[in-house]
Amino acid sequence: QVQLVESGGGLVQPGGSLRLSCVASGSFFSIDAMGWYRQAPGKQRELVARVTSGASTHYLDSVKGRFTISRDNAKNTVYLQLNSLRPDDTAVYYCNAQIQTFLPQNDYWGQGTQVTVSS
């Protein structure tokens, strides 16, 4: 099986920063795109940022200039640097990855890590 494990969430004051990490483990051939989604209570899950295997990036408009996604292919890890955090960034952040294995499934999710921005 493939497992994605997020870490780095926590409580931070407005204007502060966090760095989220997501590590993929298990049996797989390669990882294509990796991304971060977030979901606040009562709201739909939304794509925050993604990075392809070719290092192309896409960001939610509201986080452009504040968040940075990156990946370390050798470590099977994707990061999300969250700067200038706002209270409305509060959500559970989920790692998502398209991973090639010998099985048909290629879309995997982490368990989520809580980011809370509050004074």
Side-chain angles (χ1 to χ4, degrees):
Q1 64 179 14
V2 176
Q3 189 172 22
L4 302 178
V5 179
E6 302 101 329
S7 62
L11 175 64
V12 64
Q13 294 184 352
S17 298
L18 288 171
R19 182 176 172 86
L20 308 183
S21 300
C22 172
V23 180
S25 63
S27 299
F28 52 85
F29 302 137
S30 62
I31 303 175
D32 191 7
M34 303 186 78
W36 291 91
Y37 289 72
R38 68 185 182 188
Q39 187 168 24
K43 295 185 177 181
Q44 295 187 8
R45 187 173 299 186
E46 62 182 352
L47 176 65
V48 178
R50 69 188 296 269
V51 56
T52 69
S53 60
S56 296
T57 59
H58 300 273
Y59 293 94
L60 181 68
D61 284 344
S62 63
V63 309
K64 288 181 178 178
R66 300 188 298 120
F67 294 4
T68 303
I69 190 169
S70 61
R71 64 191 291 174
D72 186 333
N73 291 333
K75 297 181 179 179
N76 298 320
T77 301
V78 63
Y79 305 94
L80 187 67
Q81 179 69 43
L82 302 85
N83 296 329
S84 302
L85 283 163
R86 306 166 180 168
D88 60 2
D89 293 320
T90 296
V92 178
Y93 284 70
Y94 296 91
C95 180
N96 171 259
Q98 284 73 60
I99 302 176
Q100 297 182 30
T101 74
F102 74 99
L103 296 173
Q105 181 180 356
N106 68 351
D107 195 39
Y108 295 88
W109 293 88
Q111 82 288 350
T113 184
Q114 177 71 47
V115 171
T116 302
V117 184
S118 176
S119 299

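When reading the values below, keep in mind they use all heavy atoms of this one structure, side chains included, and skip hydrogens, waters and symmetry mates.
Y37 and V115 are assigned to two separate hydrophobic clusters, defined by single-linkage of ILVMFWY side chains at heavy-atom distances under 4.5 Å. V92 and L82 sit in two unconnected hydrophobic clusters of ILVMFWY residues. Membership requires side-chain heavy atoms under 4.5 Å apart, directly or through other members. L103 and F29 fall within the same hydrophobic cluster, where Ile, Leu, Val, Met, Phe, Trp and Tyr residues are linked whenever their side-chain heavy atoms come under 4.5 Å apart, directly or through other members. Under a hydrophobic clustering in which Ile, Leu, Val, Met, Phe, Trp and Tyr are joined whenever their side-chain heavy atoms come within less than 4.5 Å, directly or via other members, L47 and W109 fall into the same cluster. Hydrophobic clustering (ILVMFWY, side-chain heavy atoms < 4.5 Å, transitive): M34 and V63 are in one cluster.
The backbone N or O of Y108 lies less than 3.5 Å from a partner atom in the side chain of N96, making a donor-acceptor pair. Side chain of E6 to backbone of C95: a donor-acceptor contact under 3.5 angstrom is found. R71 places no side-chain N or O within 3.5 Å of a backbone atom of G35 that could act as its donor or acceptor partner. Looking only at distances, a side-chain donor or acceptor of T90 sits under 3.5 Å from a matching main-chain atom of V117. Distance alone, capped at 3.5 Å, places no donor-acceptor pair between the Q100 side chain and the F102 backbone.
Checked for salt-bridge contact, D89 and R86 miss the test: no charged N lies under 4.0 Å from a carboxylate O.
In this structure, T77 OG1 and L4 CG are separated by 10.0 Å, a value rounded to the nearest 0.5 Å. To the nearest 0.5 angstrom, W36 atom CH2 is 8.0 Å from I69 atom CD1. Distance check: T68 OG1 to L80 CG gives 8.0 Å after rounding to the nearest 0.5 Å.
In terms of heavy atoms, Y94 sits closest to G110 at CD2-O, 3.7 Å. Closest approach of A33 and R50 over heavy atoms only: CB-NH2, 3.1 Å. Across every non-hydrogen atom of V48 and Y93, the tightest pair is CG2-CE2, 4.2 Å. Taking every heavy atom of both residues into account, Q39 and K43 meet most closely at NE2-O, 3.1 Å. Here the shortest heavy-atom pairing between V5 and Q111 reads CA-OE1, 3.7 Å. Residue S62 comes nearest to R38 through the heavy atom pair OG-NH2, 3.7 Å, listed as atom of the first residue, atom of the second, then distance.
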Report all side-chain donor-acceptor pairs from residues 10-25 shorter than 3.5 Å, counting only partners two or more places apart or in another chain.
unit_1	atom_1	unit_2	atom_2	d
S17	OG	N83	OD1	2.9

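By the ring pair (Phe, Tyr, Trp, His ring centres under 6.0 Å) test, Y79 pairs with no residue at all, sequence neighbours left out.
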Check step by step if side chain to side chain contact (heavy atoms under 4.5 Å, CB included) holds for I31 and N73.
-> CA-CA 8 Å; I31 303 175; N73 291 333; over 6 Å; no
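Within 6.0 Å of the CD atom in Q44, the count of heavy atoms belonging to other residues, nucleotides or ligands does not exceed 12.
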